[in-house]
Structure formats: C-alpha cells, structure tokens
K.L.:
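Below is one structure. I have some questions about it.
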There are 2 protein chains.
Amino acid sequence: MSLPHAILTALLERPSAGLDLTRRFDRSIGYFWSASHQQIYRELGKLEAEGYIRAIPEDRPSRGQKKSYEVLPAGRAELERWTAAAQDPKPHRDALLLRLRAAAVVGTDGLEADLRRHLDLHRRQLAEYEQIQDRDFPPGKDSAQARLQHLVLRAGIELETFWTQWLTEALEELAELPDS
Amino acid sequence: MSLPHAILTALLERPSAGLDLTRRFDRSIGYFWSASHQQIYRELGKLEAEGYIRAIPEDRPSRGQKKSYEVLPAGRAELERWTAAAQDPKPHRDALLLRLRAAAVVGTDGLEADLRRHLDLHRRQLAEYEQIQDRDFPPGKDSAQARLQHLVLRAGIELETFWTQWLTEALEELAELPDS
DNA sequence: AGTCTCATGTAACTCGTTACATGATTAA
DNA sequence: TTAATCATGTAACGAGTTACATGAGACT
C-alpha cells in the first residue's frame with residue numbers, strides 16, 4: 001500500500017495532473033517507486049473518492065481535459081500516519097541473482113553478454129544520480145528537507161555503486177570458469 | 001516470469017514436494033526470490049501441465065498425500081533458455097526510501113523507532129548470511145557451482161552491509177535535525 | 001479534413017497475498 | 001478418539017502490466 005502515499009508526497013511537493021505526475025515519477029520518485037500512468041489515474045480516482053485529494057476547480061471536467069489535483073488536510077494526515085507507522089521490509093526479489101543461481105545448475109552459456117549490459121545500465125544510472133547530486137545538493141545546502149532528500153539520493157548512489165562493483169566481480173568470476 | 005524458473009532451479013538441485021520446496025524457499029532461494037506455499041502449488045500445477053516437470057510415480061494421488069516432482073528435459077531446456085536470455089532489470093520499489101522522501105515533506109515524527117527496528121533486522125540478516133558463508137564456503141571450495149553460489153551470497157552480504165551502514169547514517173541525520 | 005500529440009481513461013490479464021478448506025499421519 | 005501437525009489445495013482480492021479507446025488542441 002505505498003503507491004497512494006507516493007502520490008500524496010508528490011502532490012504535496014507540487015499539485016499536478018495525471019500526466020505531470022507520471023513524468024515526475026519517471027525521473028524522480030520513480031527511482032524508488034515506479035508507476036505507470038494507468039496506475040496513477042486509477043489511484044488518483046481512489047484518493048479523490050476517499051477525500052484525500054481534490055481536483056483543483058477552474059477546469060471543466062471532460063475526457064481529454066487536463067485535471068490537476070491538490071492534497072486535502074485528510075490526505076496530509078494520512079501521509080503523516082503512514083510515514084510514522086511501523087512497516088516490515090518486503091522480501092527481496094532479484095531476477096539477476098536468481099539467474100546466477102540457475103546458472104550454477106545449468107551452466108553459464110550466454111550469460112556474459114547480459115551481465116555486461118546490466119553493468120552498463122547501472123553505470124549510467126550511477127552517473128545520472130551523481131549528476132543530480134552535483135546539481136541539487138551543493139555543499140552549503142542543509143535545510144532539513146534537503147538533508148533528507150540527499151540522504152535518499154545517497155542510498156541510490158551507493159546501491160548503484162554496489163551493483164557496478166558486484167557485476168564487475170561476477171564477470172571476472174565468469175571469465176575464470178571453465179566453459180560449460 | 002521468474003517464479004517458475006526459481007522452482008525449476010530448486011527442483012534440479014533436488015526433487016521435492018510442495019512443502020519441502022516452500023521450506024527451502026524460506027531459507028535459501030527465498031533470500032532473493034520469496035514465494036508462499038499457495039504460489040508454489042499453483043506454479044507446480046502449471047509447470048506439470050506444460051510438461052516441464054512431472055510428479056514422481058510410486059505415490060497414489062490424493063489430497064493430503066505427499067507428491068514429489070522432478071524436472072523433465074524440456075524443463076531444463078527452458079531454464080537454460082531463460083538463464084541466457086536478455087532481461088531488463090525491474091524498476092526498484094523501496095518503501096523505506098519512499099517514507100524518507102515523505103518525511104522530508106510532512107516531518108520525521110515517529111520515524112526513528114522504525115528505522116532502528118529495520119537496522120536491527122538487517123544486522124540479523126547479515127549475521128545469518130555470514131554464518132552461511134562460514135559454514136558452506138570454506139576457503140578451499142572452488143568448483144564452478146560453489147563459486148557461483150558464493151558470488152550470489154556475497155551480493156546478499158554486501159547489500160545487507162550497505163543497509164546497516166545507510167540506516168546508521170540516517171539515524172545520525174535524524175538526531176541532528178531540529179524536532180518537527 | 002486529416003493527422004499528430006497531449007491527456008485521460010477502460011479492459012483484460014498475471015502475479016502475489018490473505019483467508020480458508022480438506023485429507024492424511026502422528027501423538028496424547 | 002481426539003487433537004495436533006503435515007500436506008495439498010481453493011477462493012477472493014489487490015497491485016501491477018499490457019493493450020487499447022476516446023476526447024481535445026494544434027499543425028498542415
């Protein structure tokens with residue numbers, strides 16, 4: 001039950017319409033909670049029905065018409081409640097680690113190329129995060145909000161760093177293995 | 001589409017019945033691809049219908065009766081195909097990072113306790129992985145299979161190490177922040 | 001008038017979760 | 001013989017994905 005709270009957070013940062021939200025998810029919140037536009041529209045409908053958000057007036061409602069939403073006090077209260085509530089970490093699911101485990105049984109043929117591709121993707125993601133860091137978090141900035149946002153970004157940077165190192169190591173291991 | 005391949009891998013390592021598999025997922029493969037017994041039974045049915053596995057004979061089929069499965073050649077071939085195929089990494093979803101982002105907007109009240117709890121959980125998981133490492137991967141072992149399995153385990157160890165460090169840092173940041 | 005893009009949706013499906021049901025085996 | 005446990009399932013629901021549908025505005 002995290003998507004509604006991701007949307008509430010995004011709308012508190014800035015009221016937006018569905019497609020705006022989708023784009024912001026693609027390049028910011030979506031780095032750790034992705035969502036498609038279909039999910040977002042569905043969830044906006046629910047949040048409005050529950051009284052957590054409302055469509056900003058001034059727009060006539062119709063299909064192809066832009067419709068912006070803002071968070072109501074009940075929505076902010078729900079987000080505060082959710083943020084403070086205890087939540088168990090979800091079990092991991094990582095297809096790449098699963099594939100290596102499968103490769104230990106059926107052999108590593110054909111694996112190397114895709115590992116290299118993943119390594120490249122993680123390097124690009126890391127570069128993107130570092131660019132955001134340089135742009136949005138210069139040394140001086142230290143409001144409470146900026147410090148927390150930077151903390152989240154550093155998690156992304158360190159995770160991508162881990163994956164690039166681990167994949168490099170994995171490729172070295174593969175190279176040393178006898179051909180299967 | 002990874003659960004069937006996780007099951008094929010587990011069954012190749014050792015033919016098993018549904019509950020056996022569930023237990024093995026709980027303490028081994030499930031570290032990076034968890035599954036409930038309901039999912040596993042459903043998937044075993046599908047895999048059997050597709051001709052990838054078969055129930056080992058000698059058991060009469062009935063509800064409360066143990067039913068073990070083994071992988072057929074078509075199942076191994078499918079697993080080989082899947083292992084070598086290119087696959088895009090799935091977008092991350094991490095509720096804890098999302099909560100920190102929300103806290104940047106609505107405040108950090110009540111967050112600290114749950115961060116401490118998560119830190120403790122990650123420390124325990126790390127200790128468990130290290131114990132497995134000491135037990136199953138002593139320095140001498142270096143068959144191809146053992147090296148790949150160890151590589152996967154090291155990923156788990158390094159990820160848990162990252163989380164314990166990051167959560168420690170996050171708690172330090174929280175302590176320095178003015179109360180909201 | 002036609003087509004392209006923006007914007008908001010619907011529908012159908014798969015995967016995962018939660019709650020419950022039922023048969024077989026074992027121990028008190 | 002009753003209860004606990006092992007083992008295999010069913011049913012209902014929710015979240016996420018994929019494919020498609022429809023309206024509005026802008027350009028040609």
K.L.:
Please report the distance, rounded to the nearest Å, between CD in A:E43 and P in C:dT8.
P.N.:
16 Å
K.L.:
Identify whether the distance between the nearest side-chain nitrogen and carboxylate oxygen of A:K90 and B:D94 falls below 4.0 Å.
P.N.:
no
K.L.:
Whole angstrom is fine here: how far is it from CG in A:L98 over to C1' in C:dC15?
P.N.:
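Between C1' of C:dC15 and CG of A:L98: 15 Å.
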K.L.:
Over 60° means perpendicular and under 30° means parallel, so classify the ring planes of B:W82 and B:H5, tilted if in between.
P.N.:
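Answer is parallel, since the angle falls under 30°.
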K.L.:
Nearest whole angstrom, please: distance from the C1' of C:dC15 to the CD1 of B:I40.
P.N.:
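Value for this atom pair: 14 Å.
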K.L.:
Given D:dG9, is OP1 or OP2 found less than 4.0 Å from the side-chain N or O atoms of B:K67?
P.N.:
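Answer is yes, contact under 4.0 Å.
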K.L.:
Considering just the side-chain nitrogens and oxygens of B:K66, establish if one lies under 4.0 Å of OP1 or OP2 belonging to D:dT5.
P.N.:
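No.
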K.L.:
How long is the line joining CZ of B:R93 and P of C:dT17, in whole Å?
P.N.:
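These atoms are roughly 13 Å apart.
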K.L.:
Within the structure shown, what part of the strands sits under 4.0 Å from B:A17 by heavy-atom distance: base, sugar-phosphate, or nothing?
P.N.:
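Sugar-phosphate contact only.
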K.L.:
Tell me whether the count of non-hydrogen atoms from other residues, nucleotides or ligands lying under 6.0 Å of CD in B:Q131 goes above 12.
P.N.:
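Counting neighbours around CD of B:Q131, 12 or fewer heavy atoms of other residues, nucleotides or ligands fall under 6.0 Å, so no.
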K.L.:
Answer yes or no: does a side-chain N or O of A:R42 lie under 4.0 Å from OP1 or OP2 of D:dG14?
P.N.:
no
K.L.:
Using whole Å, report how far CG of B:D26 lies from P of D:dC6.
P.N.:
13 Å
K.L.:
Do any side-chain nitrogens or oxygens of B:Q39 fall under 4.0 Å of OP1 or OP2 in C:dT17?
P.N.:
yes
K.L.:
Could you check whether A:K90 gets within reach of a base, just the sugar-phosphate, or nothing at all, counting any heavy atom under 4.0 Å?
P.N.:
nothing
K.L.:
Using 4.0 Å as the upper bound for N to carboxylate O, is an ion pair formed by A:E128 and A:R124?
P.N.:
no
K.L.:
Using whole Å, report how far CG of B:L44 lies from P of C:dG16.
P.N.:
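Between P of C:dG16 and CG of B:L44: 14 Å.
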K.L.:
For B:L3 and C:dT17, give me the distance from atom CG to atom P, rounded to whole Å.
P.N.:
10 Å
K.L.:
Within the pair B:Y41 and D:dG9, is there a side-chain N or O less than 4.0 Å away from OP1 or OP2?
P.N.:
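Looking at the OP1 and OP2 atoms of D:dG9, neither is under 4.0 Å from any side-chain N or O of B:Y41.
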K.L.:
I want to check one thing: is the phosphate of C:dA7, taken as OP1 and OP2, less than 4.0 Å away from some side-chain N or O of A:R23?
P.N.:
yes
K.L.:
Do the two ring centres, one from B:H150 and one from B:F137, sit under 6.0 Å apart?
P.N.:
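Yes - the distance between ring centres of B:H150 and B:F137 falls below the 6.0 Å cut-off.
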